[in-house]
There are 2 protein chains.
Amino acid sequence: MAATARKLETRASESRGENRREALLDAAAAMFAAKGYDGTSIRDIAGAVGMLPGSLYYHFKSKDELLLAVYRNGVARFEAAIDAALGSTAGDPWQAIEAACAAHLAILLDGGDYARIVSPEFVRSFPPDMVPVLNAERDRYERHFEKLIAALPLDPETDRWLFKVALFGSLNWSQTWYRKGRYTPGDLASAFIAMLRK
Amino acid sequence: MAATARKLETRASESRGENRREALLDAAAAMFAAKGYDGTSIRDIAGAVGMLPGSLYYHFKSKDELLLAVYRNGVARFEAAIDAALGSTAGDPWQAIEAACAAHLAILLDGGDYARIVSPEFVRSFPPDMVPVLNAERDRYERHFEKLIAALPLDPETDRWLFKVALFGSLNWSQTWYRKGRYTPGDLASAFIAMLRK
DNA sequence: CAGGCTACCAAACAAGTGTTTGCTATGGCA
DNA sequence: TGCCATAGCAAACACTTGTTTGGTAGCCTG
């Protein structure tokens, strides 16, 4: 999408500069999301923006670096979403975590191609040596949730680590079955939290 | 594992017959689990059992067919595990579903290479036209859990479909973080069920 | 107008992919 | 002894992959 080449653009600031790099990123995100990392070739990505395969290497020095850029962009969207959600929340910890979950689900389920790639569904299509690097990016994001869970008034015998993985499982698993229409991300967030709240 | 060629076997029933086919299946399962479907080549699999790439096509007529055979084997292990678990359970529905969850986790987390491939983590490394076929196999399995959830005495306003996906999320997500030692599959099953039970 | 930088083209590279084909050693059966 | 299915070898097929290399328009600055 938005991949038409603009050959005859006269404004130098548009036909040159950083925007072709971003076009490559957009195309890469879309194709990674659709067909996985190694289901997508350099030729596919370059072709989508009207470029030859070799030219991509002017902007990114390897396919791995391109993946990392796309992945970072995806994680950033999640972070921005929960930052925004938590900014407008009162002090109630249950309300706060529900808002964070709703924001997380909104990005996960309908946040565009960048966000979809962050899902572990894609992990197995990544080069093995890239996986630790990418996971580190995601772990940083998950720490926001650990803080929210720490503030929750849970039963003393409830393991907060297990609470976190149970919640994250419910949230992230929804990507495997969710279809637009029946539930909104907000519906799911409140339902999941209600099930875990006693 | 168990991939040594037995050239000098005299017993015909061992050096011939179906056992080379099973050796290929074992090798394929191990390598798919380790490096993903398209991270594994026909040459890798054949080489692991001391065969040349072309020879594999005597046993399987395509790489896709090999994948399907491995996947079916994986699903069968899950089914066998919960069948066994439910056979020795009393009538209490909460106890029954906890037993099923424990069995599911035991296979998911420590059930060998066949079972690991059933996880959606691998979906993106499969050929797109195979995905519906494979999902159909898994859906059949999940129906066992729907029955168990239907028998649960839940609040009337609890959506049982959402209950199922929340539970499955918690269970299957554990594959992304679980490491042997700290928790047993049984620990996790009882913790997850306790969180969802009011 | 000269020189250099940006952004890209054109073409090839070496390696790896799934698969097909023709042939052959082996053992069981008539 | 002759025959035939089994199980695999050896070698190639056509194709795709990520990446490199040398060249070159077009613009900006001096």
Side-chain angles (χ1 to χ4, degrees), chain A residues 3-28 31-32 35-70 125-130, chain B residues 3-28 31-32 35-70 125-130:
Chain A
T4 55
R6 50 191 80 174
K7 295 177 182 176
L8 301 179
E9 206 76 41
T10 46
R11 298 274 302 128
S13 60
E14 289 191 8
S15 68
R16 297 176 70 83
E18 291 283 293
N19 55 349
R20 306 268 34 212
R21 183 189 150 102
E22 274 193 53
L24 283 170
L25 276 174
D26 287 349
M31 307 195 80
F32 289 168
K35 307 197 298 174
Y37 176 75
D38 52 22
T40 304
S41 73
I42 293 287
R43 284 163 180 79
D44 291 339
I45 300 167
V49 305
M51 232 162 71
L52 289 181
S55 309
L56 185 146
Y57 286 82
Y58 175 76
H59 299 279
F60 302 94
K61 67 169 188 266
S62 73
K63 196 188 177 187
D64 284 6
E65 197 190 272
L66 175 56
L67 169 62
L68 182 56
V70 170
S125 84
F126 296 156
D129 46 315
M130 287 295 289
Chain B
T4 55
R6 48 193 81 174
K7 298 177 183 177
L8 300 178
E9 206 76 41
T10 46
R11 300 273 304 129
S13 61
E14 288 191 9
S15 67
R16 296 177 69 85
E18 291 284 293
N19 55 349
R20 306 286 328 173
R21 182 188 151 102
E22 273 193 52
L24 283 170
L25 276 173
D26 287 350
M31 308 194 78
F32 289 167
K35 307 197 298 174
Y37 177 74
D38 51 22
T40 304
S41 73
I42 293 287
R43 283 163 180 80
D44 291 338
I45 300 166
V49 305
M51 230 161 73
L52 289 180
S55 308
L56 184 145
Y57 286 82
Y58 174 77
H59 299 280
F60 302 95
K61 66 169 187 264
S62 73
K63 196 187 177 187
D64 284 7
E65 196 191 273
L66 176 55
L67 170 61
L68 182 57
V70 171
S125 86
F126 296 156
D129 46 316
M130 287 295 290

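In what follows, chains are A, B, ... by sequence order, proteins preceding strands, each numbered from 1. The shown structure was predicted, so the numbers you read here are calculated from the model rather than taken from an experiment. Just the heavy atoms: all of them, side chains too, but no hydrogens, waters or symmetry mates, feed the values below.
Of the possible donor and acceptor atoms, one in the side chain of B:Arg20 sits under 3.5 Å from a partner among the backbone N and O of B:Val49. Of the possible donor and acceptor atoms, none in the side chain of B:Ser125 sits under 3.5 Å from a partner among the backbone N and O of A:Ser125.
When rounded to the nearest whole Å, the span between CZ of A:Phe60 and C1' of D:dT20 equals 18 Å. Atom CD1 of A:Ile45 is separated from atom P of D:dT19 by 11 Å (rounded to the nearest Å). Rounded to an integer number of Å, the gap from A:Lys35 NZ to D:dT16 P is 12 Å.
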Would you please test A:Leu24 and A:Tyr58 for side-chain contact (heavy atoms from CB on, under 4.5 Å) and show each step? CA-CA 11 Å; A:Leu24 283 170; A:Tyr58 175 76; over 6 Å; no
Quick one: do B:Phe60 and B:Arg21 satisfy side-chain contact (heavy atoms from CB on, under 4.5 Å)? Show the steps, please. CA-CA 8 Å; B:Phe60 302 95; B:Arg21 182 188 151 102; 3.5 Å; yes
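Considering only heavy atoms from C-beta on, A:Leu67 comes within 4.5 Å of A:Pro127 through its side chain. Side-chain contact between A:Leu66 and A:Ile45 is present, with at least one heavy-atom pair separated by less than 4.5 Å. Counting heavy atoms from C-beta on, the side chains of A:Met51 and A:His59 come closer than 4.5 Å.
The shortest distance between the side-chain N/O atoms of A:Tyr58 and the OP1/OP2 oxygens of C:dA7 is below 4.0 Å. Listed pair B:His59 / D:dG8 meets the phosphate criterion, a side-chain N or O lying under 4.0 Å from OP1 or OP2.
For B:Leu52, whose side chain is taken as the heavy atoms from C-beta onward, the closest listed nucleotide among D:dA10, C:dC9, C:dA7 is D:dA10.
Cation-pi geometry between A:Lys63 and A:Tyr57 is not satisfied (NZ or CZ under 6.0 Å from the ring centre, within 45° of the ring normal).
Across the helix from C:dA15-D:dT16 to C:dA30-D:dT1, the helix axis at one end is tilted relative to the axis at the other end by 20° (nearest 10 degrees, each axis from five pairs).
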Letter per nucleotide, 5' to 3', of nucleotides 15-22 of chain C [B base touched, S only sugar-phosphate touched, - untouched; heavy atoms, 4.0 Å]: --BBBB--
